[in-house]
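Encoded as structure tokens, the structure appears first; notes follow it.
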Amino acid sequence: MLTILFDGIAYGMLLFILAVGLSVTMGLMNFINLAHGAFAMVGGYLTVMLMQRWDVPFLWCLPIAFAGAALLGAVLERTLYRHMYRKPHLDQVLFSIGLTFMSVASVDYFMGSQQQIMQLPEWLRGRTELWAGEVFELGMGHYRLFIIAVCAALTVGLQFVLAKTRFGSRLRASVDDARVAAGLGIRVNLIFAATFAMGSGLAGLGGALGAEVLGLDPTFPLKFMVYFLIVVAVGGTSSITGPLWAALLLGIADVAGKYYMPKLGSFIVYSLMIAILIWRPQGLFVRKGGR
């Protein structure tokens, strides 16, 4: 049971890093970007290519995946996404889902439809067993422990940036009233571009970390789109803490359900999501007055 809990926490932390960028764009920028998984796929494929073709060390691939996805996000934000900010949500959904299908077709054409294999460094492949007689037994995979550590550090850093820095305050001001913020000298377009790039970079980093755990193929954005939306819907978009707890709940429920009741598959996760949203339509962790 402890091992399942540990694996569920690791899975949940990975889902959080993959989905937190979508939470930022939906909650702070009021933009529904269903192509968010495509940026995660870019980070994953970039990592695989760097490691397989150029023997770049895994730890070096992680910041490169973040930077590559962030750069792509910044370019697309300046050329395509910025024109959709004031459009109705239905237009945003149709636009971003179209980009998702285009990304799937492009990766399938250039990289092939086969599952990508990523060889982890030797020090991340092992497993540590902890036990105390018959009291408890815990098996911790080194790579999952690494994922938990990295995602925890990113969570603290992201919360600090959004809540305690001048950039975070300018972002909130730009979202609340872009005209007044611009009148105060805040470069609203630059703030939005940086925020979108940061969310895309986090997705790329999550894709790099999750390529070995989740698998990587051209259908990645479609397979995990629902999971990203569940994290945001259940956790709410008014804070970073909400999606974090929602991702942990989803990860533990998914791992435990597949272990104890494998025939039900993802039915348990969807049932849990439906029950939570009936109980709290705004999400579990929405602040009072939040949308």
Side-chain angles (χ1 to χ4, degrees), residues 16-40 43 63 66-89 91-93 95-96 99 151-206 228-229 231-233 235-247 282-283 285-291:
F16 171 71
I17 293 302
L18 282 164
V20 68
L22 179 60
S23 177
V24 169
T25 55
M26 286 183 64
L28 296 180
M29 300 175 64
N30 197 28
F31 183 84
I32 302 175
N33 180 27
L34 296 187
H36 185 74
F39 295 101
F66 176 89
L71 178 61
L72 177 62
V75 171
L76 291 180
E77 196 276 338
R78 289 290 82 190
T79 56
L80 296 177
Y81 280 96
R82 63 180 301 185
H83 304 292
M84 302 298 297
Y85 287 156
R86 299 184 182 276
K87 299 289 184 180
H89 284 165
D91 292 354
Q92 297 174 359
V93 168
F95 166 76
S96 56
L99 286 183
C151 293
L154 286 173
T155 302
V156 173
L158 185 61
Q159 181 69 25
F160 176 80
V161 169
L162 294 179
K164 301 295 184 180
T165 64
R166 179 175 295 181
F167 174 81
S169 62
R170 289 183 175 182
L171 173 60
R172 293 191 299 272
S174 300
V175 171
D176 290 340
D177 196 321
R179 174 182 288 183
V180 173
L184 293 173
I186 297 175
R187 301 178 64 180
V188 175
N189 290 335
L190 183 60
I191 292 291
F192 278 178
T195 303
F196 193 89
M198 181 177 64
S200 302
L202 288 172
L205 178 60
F228 303 156
L229 292 175
V231 170
V232 176
T237 58
S238 62
S239 68
I240 299 299
T241 307
L244 172 62
W245 287 109
Q282 300 290 344
F285 306 98
V286 174
R287 297 171 184 168
K288 187 176 181 180
R291 291 180 297 169

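It should be emphasised that the depicted structure is a prediction, and the values quoted were computed from it without experimental measurement.
Taking OG from Ser23 and CD1 from Ile240, the interatomic distance works out to 5.5 Å, rounded to the nearest 0.5 Å. Remark: Leu76 CG to Ser96 OG distance equals 12.0 Å, nearest 0.5 Å. Distance check, rounded to the nearest 0.5 Å: CG of Leu154 to CZ of Phe66 gives 8.5 Å.
Side chains of Pro243 and Val20 form no contact here, defined as non-hydrogen atoms less than 4.5 Å apart. Under the 4.5 Å side-chain criterion, counting only non-hydrogen atoms from C-beta, Ile186 is not in contact with Val180.
The two residues Val188 and Ala182 come nearest to each other via the heavy atoms CG2-N, 3.9 Å. Across every non-hydrogen atom of Leu22 and Asn33, the tightest pair is CD1-O, 3.3 Å.
Crowding of Arg187 atom CZ: a count of heavy atoms from other residues, nucleotides or ligands under 6.0 Å not exceeding 12.
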Expected list for residues 191-206: side-chain donor-acceptor pairs under 3.5 angstrom, two or more places apart:
| residue | atom | partner | partner atom | Å |
| --- | --- | --- | --- | --- |
| Thr195 | OG1 | Ile191 | O | 2.8 |
| Ser200 | OG | Phe196 | O | 2.9 |

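Taking Arg179 as the reference, Asp177 meet the side chain to side chain contact (heavy atoms under 4.5 Å, CB included) condition, with sequence neighbours excluded. Annotation: side chain to side chain contact (heavy atoms under 4.5 Å, CB included) contacts of Ile32 (sequence neighbours excluded): Met26, Leu34, His89, Gln92, Val93. For Leu244, the side chain to side chain contact (heavy atoms under 4.5 Å, CB included) partners are Met13, Phe16, Thr155, Leu248, not counting sequence neighbours. For Phe31, the ring-ring contact (aromatic ring centres under 6.0 Å, His included) criterion is met by Tyr81, Tyr85, not counting sequence neighbours.
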side-chain contact (heavy atoms from CB on, under 4.5 Å) between Asp91 and Met84, intermediate numbers included: CA-CA 8 Å; Asp91 292 354; Met84 302 298 297; 4.0 Å; yes
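Between the side chain of His36 and the backbone N or O of Leu18 there is at least one donor-acceptor pair closer than 3.5 Å.
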